[in-house]
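Taking it in order: structure first as structure tokens, then the write-up.
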Amino acid sequence: MSTVLEQRSAPPIGAVRPPPPRRRTRLLATTEARWALAALVLFLLALPVHLMDGPVWLWGALFAATYVTGGWEPAWEGLKALKDKTLDVDLLMVVAALGAAVIGQVLDGALLIVIFATSGALEAVATARTADSVRGLLDLAPTTASRLLPDGTEETVDTERLVVGDTILVRPGERVGADGQVLDGASDVDQATITGEPLPVARQAGDEVFAGTVNGTGVLRVRVERDPSDSVIARIVKMVEEASETKAPTQLFIEKIEQRYSIGMVLATLAVFVMPLAFGDTLSSALLRAMTFMIVASPCAVVLSTMPPLLSAIANAGRRGVLAKSAVVMERLGQISTVALDKTGTLTEGAPQVTELRPLPGSGLEDASLLALAASAEHPSEHPLARAVVAAARERGLRLTEAEDFASTPGQGVTATVAGHTVTVGSPARLLDGVGHQPHRAVVAELEEDGRTAVVVLRDGVPVGMLGIADRLRPDAAATVAALTRLTGRTPILLTGDNERAARRLAAEVGITEVHAGLLPQDKVDAVKKWEAQGHKVLVVGDGVNDAPALAAAHCGIAMGKAGSDLALETADAVVVRDELATIPAIVQLSRTARRFVVQNLAIAGSFIAVLVAWDLIGTLPLPLGVAGHEGSTVIVGLNGLRLLRETAWPRLPKDTA
């Protein structure tokens, strides 16, 4: 073992390794986005020329170019759909836009083309970025590993070449190359990417480690137990991809009836054109009546019935720090009936904090002096618990004494000389073994029963105090849980990879009664799928890589933005940018309000269409009046939807329940 370690020096403890490059499709990297931008630019160039009665040849050419650049892709997709004997609304919109141009409403048709081209471009970019984040997840796992050979030497190999039974060496600060079992060594391993646990966990011989997790200050020899293609991190990628494909067919409410409406409108337009001819009407008169019918019956107002309320709700939420990625997302948020919350980084702040100071009787120490002693010894350490202790001392303005002869033992703690005393800070399970039954054991049990991580402080080998460290609860967590309970009629559920005791303690603080703890990513997905199979529409809220598969599998997923992983942010349907939990029930209520506005708009649009169509069929509807009625209904539903932009439209639910 010593010969292996001598072959390559370990990186400095605490050295910062550069993060893997982030893969992110640029906005104009997709062809849909480039064509949509071209159509928008051409439309904006043509609009002032048209409004100022400029040369017809100029604005006509610009509008024609707008039709071509923005409409050729949806038209082509529509024609391919026709080949499969289906008719979609995109093709119908292109036909309606061309029909508007035929009867002189060139501006209206061009605007319709731009709207649909932009919508398609945004969808294409969102899809590409989700794929980027899934591929980027593979960067968490190292590409190479140090494999130990039978003669005691080592070789660097691609992790793809590792097979079950190989032994790999993991040095301080390195990522584990494969799922496996520790054969020798001890260290603290950061498993947050897999389990979501806020603190590194001690790992020694016989314990399991996962590919992509970060080794601490110790050296580990690990026997590979799974093929790299079947590692936990690889399975996360597969689960996200499968769940995303399952959710892909999601559609807005109005799109669910587009097939029948489209076919009905086309058949009706043909009938309106053919029947008058059969009764002796002139070709120009029949064509004018048919074109008028197509304009007044076209689903422009119906389509706009859904988009303005949902887009206004998206804009309002954006001002409050919540990014909903599409109108589909905003619609789905209002449908949820069950909420599943992650613990670390979601209900909590995701960073350890010193919450308890317990000087032991006879130590002669008070709270401040105990903390100062521990922080002085921990100051040179890079361990997250050590940083929490030092941060707590600095917050209190305590003066730290310079530590000498500092040493760190993985899985146990640190030792240093402080003011002439040997001070040891670390795990009670290791440092107090064999000390005997003393009052400090009751303190350890009490802290751990409350879900804290207990840290013991020894001075010259004698226990002098205990520190309780925990992940601090977000201030608005309890109010958020209460608001979500009121909205859905069911108390939210806690899904976490953390231990059962810590999870139940936190759940009790915020009012959650159902707890699922110690879960791996697959377990979270299984729980979500079970609830979905029971008829629930599940909203999952999380922040880590380990939450991404559940975010993708759920009816709707929300990621916490500040410390959220790239994969979680891209996979989620919405992102809470400022990590304000109170915005989650608020956006759910806002979504329900938007859906109510959609229903109002559909009633308005349907009424206008019914009246105008009846007028055109029974009497003779003048084309300008038909266009005015059609455009008027569009304006009315648009303005009604824009009411959700008002400040007063944002709900204040958590404050009501606080």
Side-chain angles (χ1 to χ4, degrees), residues 88-90 92-93 96-97 100 105 107-109 111-116 118-120 122-123 250-262 264-265 268 293-319 324-336 556 574 586-616 621 625-651:
D88 61 24
V89 77
D90 287 353
L92 195 60
M93 287 299 94
Q105 304 299 320
L107 174 61
D108 295 338
L111 178 59
L112 194 60
I113 288 291
V114 170
I115 290 174
F116 270 77
T118 303
S119 175
L122 293 176
E123 181 180 353
T250 302
Q251 294 176 309
L252 290 169
F253 165 75
I254 192 60
E255 291 177 350
K256 295 177 182 178
I257 61 172
E258 72 173 41
Q259 187 68 207
R260 295 177 182 176
Y261 188 94
S262 301
M265 180 180 163
F293 176 86
M294 186 174 71
I295 293 296
V296 299
S298 69
C300 299
V302 175
V303 171
L304 288 177
S305 295
T306 64
M307 296 308 291
L310 296 174
L311 293 178
S312 297
I314 289 173
N316 198 333
R319 292 201 303 264
K325 296 184 178 180
S326 69
V328 171
V329 171
M330 183 55 69
E331 184 193 37
R332 291 170 71 98
L333 280 167
Q335 300 171 349
I336 61 111
C556 206
I587 195 173
V588 170
Q589 180 58 62
L590 182 64
S591 171
R592 294 184 177 183
T593 302
R595 285 166 58 83
R596 190 165 62 248
F597 275 44
V598 168
V599 173
Q600 293 176 6
N601 283 350
L602 288 173
I604 294 170
S607 299
F608 267 85
I609 290 175
V611 170
L612 293 174
V613 165
W615 189 345
D616 186 52
L621 175 64
L625 188 58
V627 172
H630 175 265
E631 298 302 322
S633 65
T634 302
V635 171
I636 291 173
V637 299
L639 292 176
N640 187 47
L642 293 178
R643 289 195 294 148
L644 287 179
L645 286 172
R646 298 176 301 173
E647 293 288 328
T648 55
W650 181 257

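Along the sequence shown, residues are numbered consecutively beginning with 1. All values reported here derive from a predicted model rather than from experimental measurement.
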message: Show the nearest heavy-atom pair for residues G334 and S591, with the distance to one decimal.
response: N-OG, 2.6 Å
field: Listed partners of R596 passing side-chain contact (heavy atoms from CB on, under 4.5 Å), at least two apart
entry: T593, Q600
- prompt: Distance from L310 atom CG to L333 atom CG, nearest 0.5 Å?
  reply: 10.5 Å
query: What's the shortest heavy-atom distance between W650 and A586, and which atoms?
result: CZ2-CB, 3.4 Å
field: Side chains of F608 and V637 in contact at under 4.5 Å (non-hydrogen atoms)
entry: no
query: Are side-chain heavy atoms of N316 and R646 found at a separation under 4.5 Å?
result: no
field: Where A324 and I314 come nearest, the two heavy atoms and their spacing
entry: O-CG2, 3.7 Å
message: Show the nearest heavy-atom pair for residues A649 and L590, with the distance to one decimal.
response: O-CD1, 3.5 Å
